[in-house]
Amino acid sequence: MLRTHTCGELSEKLIGETATLCGWVDTYRDHGGGLFVDLRDRYGLTQVVFNPPDTPPAVIEASKTLRDEYVVQVTGTVAARPEGMANAKMQTGEIELRVTEFVLLNKSLTPPVSPSAPEPPGEDLRLKYRFLDLRRPEMQRTLLLRASIIKGMRDYFAENGFIDIETPVLGRSTPEGARDYLVPSRVHRGTFYALPQSPQLYKQILMIAGYDRYVQVARCFRDEDLRADRQPEFTQLDLEMTFVDENDVIGVIDGLVAKLAKAELGLEVPIPLPRLTYDEAMERFGHDAPDLRFGLELIDCTDLASEAEFRVFSAVAASGGRVRGLNVKQGTSHYSRRGIDSLTSFVADYGAKGLAWFRVEEDGTLNSTIAKNFTPELLAKFGERMGAEPGDLLLYVADKYEVTCKALYALRSKIGREMRLYDPDAMHFSWVVEFPMFDYDEETKSWQAMHHPFTAPLPANLDLLDTDPGKCRAQAYDLVINGSEAGGGTIRIHDAEVQKKVFNLLGIDATTAVERFGFLLDALQFGAPPHGGIALGIDRWVMLFGKLENIRDGIAFPKTQKATDLMTEAPGEVDLKQLRELHIKLDE
RNA sequence: GGCGCCGUAGCACAAUUGGUUAGUGCACCGGACUGUCGAUCCGGAGGUUGCGGGUUCGAGUCCCGUCGGCGUCGCCA
C-alpha cells in the first residue's frame, strides 16, 4: 500500500503518529515560507502542511510546484492544529499532517471541471470530462448511495430465498413495446439480435422451469427519446415468483421499501403501503403515478356544468366530456390575472382549449369574467362542491376525459411545485393497482396491451375479454414514489388458452405469435405454474432517494438526450470491413 | 419529429437602444509573503462571441439556417 490512512481518517486520536496519505490536491495555499494543501480522496479532505520547522527546506521548495489535481503521496506527523486554527467546516479540521517528505505521483493539466469548485460547470463539460466530474464529493456520495441501494436489494432478496440468475443480453426482437436496439449477426446474414427491453420472457421461462424465486440486477435497453428521468440503457431490479398472487409480490416489495427507506434515509415507512386503483388515481389526480405528497385533487363538476349557460361547459358536458377543476387554496394571492393567463397557455400544451377560473371573494361569492354566464345559485353550488373559501382560486378544464386528465395533472404538478405545497424532502410510497388490460389506439383502431401481452386479467374479469375488453382490468401494479413510477409488475398468464385469447385481441395472429413467442407458448403447455413479478427502476430509486434533479446524476456514465456519450463519443462510425462482415451497406 | 431555454477566454458570468480596442472573478504564468483554509497583495498572458449565411455605415446583441447541451410534447408494451 502506498498509504497508511485515507484522507477522511486522521483524527485527534492519532496525534503524534506518523502517517502516509495519498490523494489529489483539492486546493493549495502558498504562503512563501510554507504551503498548505487540502488533500482529497473519496474518504475526505485532510490539510497537509509544508512548513518549517517540520518540513525540510528542500521539500518545501519542491512542494511549490503542486497544482490542482496533482496526485501526491505525503508522509508526516499527525498534529493538532495550533490554537484557534481548527477548521470547524472540515471533518478533519482539528488536525493536520505536518509533512516531512512527499512524492509527486502524477501531474495534472488544468482541470476544465474542478472537483473542488462549489458549483459544477455546465453538464456537457461534466459529461465530457466525467473522470473529473466523478471526483466531486457530490457525485461520490451519489454513487455510494447507488451501491448501497443495490447491495440492500441483493441482501434482502437473498435473505428471502431468491436466486440470482443471469439472462441473455443478446436476444430476439419482439416488435411490441419500445423500439429495440439491434445487434447484427455476422454468422447469419441479414438477421439481428435485440438487446432486452427487460428480461420479461426469460424470467417467465425460469418460473416454468421451477426456479420459483428469481432475482437479477438487469441492464435494459429501449431506443426511445429521453427525458430527465429516462435513459436508453437503464438498470432494473427484476424479480419473479411462482405460486403467488398480486398481494404476495406487493408484500415482498413493501418489505424492501421499509428496509431501504430506513437504511438509506432513516425513515420509518409504515407498511403495507397505501394502494389506490388506476381508476381512482385518474379520477382524483389525472395520472397513473400521482404525487401524493400533497392534496390539490381534481374535483368533478360535470353535472353542475351541464346546468350552466356557459356554452363551453354545457357543450362539453352534453357531448360526454368532463368538466373538472382544482381548488388552489389561497391561490388568488399567488396567481395574479397575468399568472392565470400563463397557466392558461400552460394547459394549452396538453390540449386544453382554455382554463376557466373563479376567484373566491371575501364574502364567499365566485367572481370571474365568465361569472355572468352562471346563476348565483349555480355559482354557489360550484363553490360548495369545490370547498371554496375566501382567497381560493378555482381552475377548470372542460374537455374530453383524457384531456382533463393530462392538463389538470400537469397543472396540479406545476402549482404544487410553485406554491411549495409539499416538503421537498418528503418521501411518499404507494401502489397503483387494477390497471386496464388494454387501451384503444385511435390511429390503428386496435387494442394495445397497457403493460405487456403476458399480463393476466383479474380473475373476475376473465369474461370481459370476450365481451368488453376496454373494461377488463389486469393483475398489474405500479410502485409510485413521489409521483414517479419506480417499479411495475404483473401476474402473468400461465394458461395457453387465455394467452391465445389476449394475443387475438391484440391482433397478433397465431402464426405471428408462434413466430415471436413460440417458445413461451410451448413452455406454457408444459406445466406452467401461476407466477408473477415486478421490476424496479434502480436509476429512479437512486434519483429519488438521492434527491437528484435528473437520472444522469445517479449514473456513472450516462448518455445525453440524444443518446450519445460525450466522453467516449459513442456511438461512433466503424470500419467498412466491420460492416462488410456484418453484411451491412449504408444507405447513403 | 414538434415546441421552448441556453451557447462570449480553461471555467462561471458581464457587455445600455445595434455603436470605441468585448470586461469581471476563479484557474493559468511571473513575483511578494512564516498559519492559511474560497489565503492575500502586485504584475502578465489568454477571445474566429458554437458554426454558416443575411440585414445594417456598424452585429456578441436583430433575422434565417445549422450543430451541441438541457427541458418538454409525441414516443417510452
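Throughout, protein chains are lettered first and strands after them, A, B, ... in sequence-line order, and every chain is numbered starting at 1. Just so it is clear, the model here is predicted, and its values are computed rather than measured.
Taking atom C1' on both nucleotides, B/C29 is separated from B/U55 by 43 Å, rounded to a whole Å. The same atom, P, is picked in B/G18 and in B/C62; the two are 8 Å apart, to the nearest Å. Atom P of B/U66 sits at a distance of 11 Å from the matching atom of B/G1, rounded to the whole Å. Comparing the P positions of B/C37 and B/G31 gives an interatomic distance of 23 Å, to the nearest angstrom. Comparing the C1' positions of B/G53 and B/C70 gives a spacing of 26 Å, expressed to the nearest Å. For the C1' atoms, the distance linking B/A12 with B/G7 amounts to 13 Å, nearest Å.
Distance A/L566 CG to B/G69 P: 6 Å, rounded to the nearest Å. In this structure, CG of A/L132 is placed 16 Å from P of B/G10, rounded to the nearest angstrom. The distance from atom CD1 of A/I60 to atom P of B/G35 is 12 Å, rounded to the nearest whole Å. Between the CG atom of A/D225 and the P atom of B/U72 there is a distance of 12 Å, given to the nearest Å. Rounded to an integer number of Å, the gap from CD of A/Q197 to C1' of B/C75 is 13 Å. Taking atom OH of residue A/Y350 and atom P of nucleotide B/C73, one finds them 5 Å apart after rounding to whole Å. Going from atom CG of A/L125 over to atom P of B/A9 covers 11 Å, rounded to whole Å. Counting to the nearest Å, the C1' atom of B/U36 and the NZ atom of A/K64 are 12 Å from each other.
The distance from the CD atom of A/E569 to the NZ atom of A/K128 is 7.0 Å, given to the nearest 0.5 Å.
At a threshold of 4.0 angstrom between heavy atoms, the contacts of A/S114 with the nucleic acid are absent. At the heavy-atom level, A/F438 lies nowhere under 4.0 Å from the strands shown. Contact annotation for A/R126: no contact, since no heavy-atom pair falls under 4.0 Å across all strands.
With hydrogens and angles left out, the side-chain atoms of A/T100 and A/R98 include no donor and acceptor closer than 3.5 Å. Using modelled atom types, one finds no donor on one side chain facing an acceptor on the other under 3.5 Å when comparing A/S198 with A/Q236.
Taking 4.0 Å as the cut-off between side-chain N and carboxylate O, A/R230 and A/E224 do not count as a salt-bridged pair.
You'll find that the side chain of A/K562 is closest to B/G69, out of B/U34, B/G35, B/G69. Relative to the side chain of A/E224, the nucleotides B/A39, B/C75, B/U72 differ in distance, and B/C75 lies closest. Comparing B/C70, B/G35, B/G71 against the side chain of A/A228 picks out B/G71 as the nearest.
For A/N51 against B/G35, a side-chain N or O and a base N or O form a donor-acceptor pair under 3.5 Å.
Proximity of the aromatic rings of A/Y28 and A/Y70 is defined here by a centroid distance below 6.0 angstrom, and this criterion is not met.
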